[in-house]
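Encoded as structure tokens, the structure appears first; notes follow it.
Chain letters run A, B, ... following the sequence lines, proteins first, then strands; residues in each count from 1.
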Number of protein chains: 2
Amino acid sequence: MTASEHEHALYKKIALFFFAYRSLNEKPDRIAEKYAIQRVHHRILFFIGHLPGLSVNELLTILEVTKQALNVPLRQLREKNYITTDSDPHDKRIKRLHLTGSGSELLQELTAVQMEQLQAIIDKVGASHIAAWTKVMEEYAEERPGSKYLDSL
Amino acid sequence: MTASEHEHALYKKIALFFFAYRSLNEKPDRIAEKYAIQRVHHRILFFIGHLPGLSVNELLTILEVTKQALNVPLRQLREKNYITTDSDPHDKRIKRLHLTGSGSELLQELTAVQMEQLQAIIDKVGASHIAAWTKVMEEYAEERPGSKYLDSL
DNA sequence: AGGAATAGGTCAATCTTGTTGACGTATTCC
DNA sequence: GGAATACGTCAACAAGATTGACCTATTCCT
């Protein structure tokens, strides 16, 4: 392979990333619309869902947004009764975030379509391909501060 | 593996997607800032760069935005002399988009960091893993209207 | 020839998501 | 008792997108 062909191959993979990311979010975005929430809300539910008791600060680290940007959707989710907060017994400054029953249900609905989509691809390409895919994605994710929560996810 | 463990494994992969996509765009976004342009402009340059002579309509299909959303950044890129347009000889309604010299240079600078990042991962995980990763991403990309341009990319 | 369709451009109003900066409260650390 | 931390919130602003309306130029079709 020439240097130019090699560059070309890399270029195509970057384009694939763009298309793939859109496909991942398309269906959940449409479901979220029905509940008058957006992708941010989905993300918040997603991480609280598998990291119950997460603090606001930890969520900020994962999502890499400012506290002002997180505050509004977080309040909306509380008002819509999708999440609850209770203060840490050992440090009352810290708020621990949890999903309510309806929050879990909503998350389930949002995530189900992504899981089914991924499962369909796994069925098609085979489990070994997925292991390799995951390895590559882990390399990408490694430089993110929120990646330290991946194991507990 | 139990059904729950399996779900958990899928969940983690979806989180990986989120983190990975952020890592992919972080560096180019910072470079773009220096030129007072944004991620949309990068995307436009990206696709015109390897699909020279692309029409506005084709670009709309690839990016999946409205023509109003595309119009502003496209005009800005023209004003900054990063792209040129000339009308199709066979159908004068169609504008063919091309990069200028400085447009190519800028794209090169933006894309280089993404290529280096990907190359570093390839060097680490091995080429066979990348082939598998690409296969999975192609499956995701398949449902996007713009994916038909991937081969010519 | 003439009307419909296509490619493109643009104005206006609106929305969402995010930013920076400033300020306030409660709690804990030292 | 003062500094630092966790969290909340207000305001101003910018980017990126949407829908809807309207315009020109060109081509297609009958």
Side-chain angles (χ1 to χ4, degrees), chain A residues 18 21-22 25-26 28-46 48 53-80 83-98 145, chain B residues 18 21-22 25-26 28-46 48 53-80 83-98 145:
Chain A
F18 168 71
Y21 193 69
R22 277 185 110 86
N25 288 302
E26 190 188 31
D29 279 356
R30 278 211 300 262
I31 293 170
E33 267 181 59
K34 295 193 305 179
Y35 294 88
I37 59 169
Q38 283 77 39
R39 202 184 290 183
V40 214
H41 302 88
H42 180 188
R43 283 180 188 155
I44 294 170
L45 294 174
F46 183 94
I48 297 178
L54 200 67
S55 75
V56 174
N57 248 336
E58 289 168 330
L59 193 49
L60 287 174
T61 301
I62 290 171
L63 299 180
E64 291 177 69
V65 293
T66 60
K67 59 175 178 173
Q68 293 91 328
L70 181 58
N71 189 36
V72 175
L74 210 49
R75 186 170 58 225
Q76 290 165 340
L77 288 174
R78 221 182 295 124
E79 284 165 359
K80 288 175 186 246
I83 63 172
T84 58
T85 63
D86 58 296
S87 54
D88 187 288
H90 299 302
D91 187 340
K92 291 176 193 167
R93 290 174 302 180
I94 302 172
K95 282 200 180 172
R96 297 288 168 195
L97 303 167
H98 297 272
Chain B
F18 169 71
Y21 193 70
R22 278 186 111 84
N25 288 302
E26 191 187 30
D29 280 355
R30 279 211 301 262
I31 294 170
E33 266 180 61
K34 295 192 305 179
Y35 294 88
I37 58 168
Q38 282 77 39
R39 201 183 291 183
V40 214
H41 302 88
H42 179 188
R43 283 179 188 156
I44 294 171
L45 293 175
F46 183 94
I48 297 179
L54 199 66
S55 74
V56 175
N57 249 336
E58 289 168 331
L59 193 49
L60 287 175
T61 301
I62 289 171
L63 300 180
E64 290 177 68
V65 293
T66 60
K67 61 174 178 175
Q68 292 92 329
L70 181 59
N71 189 37
V72 175
L74 210 49
R75 186 170 58 226
Q76 290 164 341
L77 288 173
R78 220 182 297 125
E79 284 165 359
K80 286 173 188 253
I83 62 172
T84 57
T85 61
D86 58 296
S87 54
D88 187 289
H90 299 301
D91 186 340
K92 290 176 194 166
R93 290 173 301 179
I94 302 172
K95 282 200 179 171
R96 298 285 168 199
L97 303 167
H98 297 272

Can you tell which of T66(A), T61(A), V65(A) makes a side chain to side chain contact (heavy atoms under 4.5 Å, CB included) with L63(A)? V65(A)
Sub-4.5 Å side-chain heavy-atom contact between [X] and [Y]:
X      : Y      : value
Q76(B) : I37(B) : no
L74(A) : T85(A) : no
S55(A) : K95(A) : no
I94(B) : N57(B) : no

Check every atom of [options] against the side chain of [X] and return the nucleotide holding the closest atom.
X      : options                  : value
K67(B) : dC7(D), dG9(C), dG8(D)   : dG9(C)
D91(B) : dT26(D), dG9(C), dT19(C) : dT26(D)
V56(A) : dA17(D), dG8(D), dG9(C)  : dG8(D)
R93(B) : dA26(C), dG16(D), dT6(C) : dT6(C)

Please compare E64(B) and P89(B) by the position of their nearest nucleotide in DNA chain D and report the one closer to 5'. E64(B)
Go nucleotide by nucleotide along DNA chain C from the 5' end; which of Q38(A) and D88(A) gets its closest nucleotide reached first? Q38(A)
Do any side-chain nitrogens or oxygens of [X] fall under 4.0 Å of OP1 or OP2 in [N]?
X      : N       : result
R39(A) : dT17(C) : no
R78(B) : dG9(C)  : yes
R75(A) : dT9(D)  : yes
N57(A) : dT5(D)  : no
T66(A) : dT19(C) : yes

When we call it a touch if two heavy atoms are under 4.0 Å apart, what does K95(B) touch: a base, just sugar-phosphate, or nothing? sugar-phosphate
So, does the side chain of Q68(A) form a donor-acceptor pair with the base of dG21(C) at under 3.5 Å? yes
Atom-pair distance ([atom1] on [X]; [atom2] on [N]), nearest Å:
X      : N       : atom1 : atom2 : value
N71(A) : dG18(C) : CG    : C1'   : 13 Å
D86(B) : dG8(C)  : CG    : C1'   : 14 Å
E58(B) : dA7(C)  : CD    : P     : 10 Å
K92(B) : dC28(D) : NZ    : C1'   : 15 Å
Q76(B) : dA17(D) : CD    : C1'   : 14 Å
L60(B) : dG8(C)  : CG    : P     : 8 Å
L70(B) : dG9(C)  : CG    : C1'   : 11 Å
L77(A) : dT17(C) : CG    : P     : 11 Å

Would you write out the dot-bracket form of DNA chain D, 5' to 3', with Watson-Crick and G-U pairs under 3.5 Å, [ ] for crossing pairs, | for pairs to other strands and . for unpaired bases? ||||||||||||||||||||||||||||||
Under the salt bridge (Lys or Arg N to Asp or Glu O under 4.0 Å) definition, can you give me all pairs with a residue in residues 68-79 of chain B, not counting sequence neighbours? none
I83(B) CD1 to I48(B) CD1 distance, which is reported to the nearest 0.5 Å: 4.5 Å
Any donor-acceptor pair under 3.5 Å linking the side chain of R22(B) with the backbone of E64(A)? yes
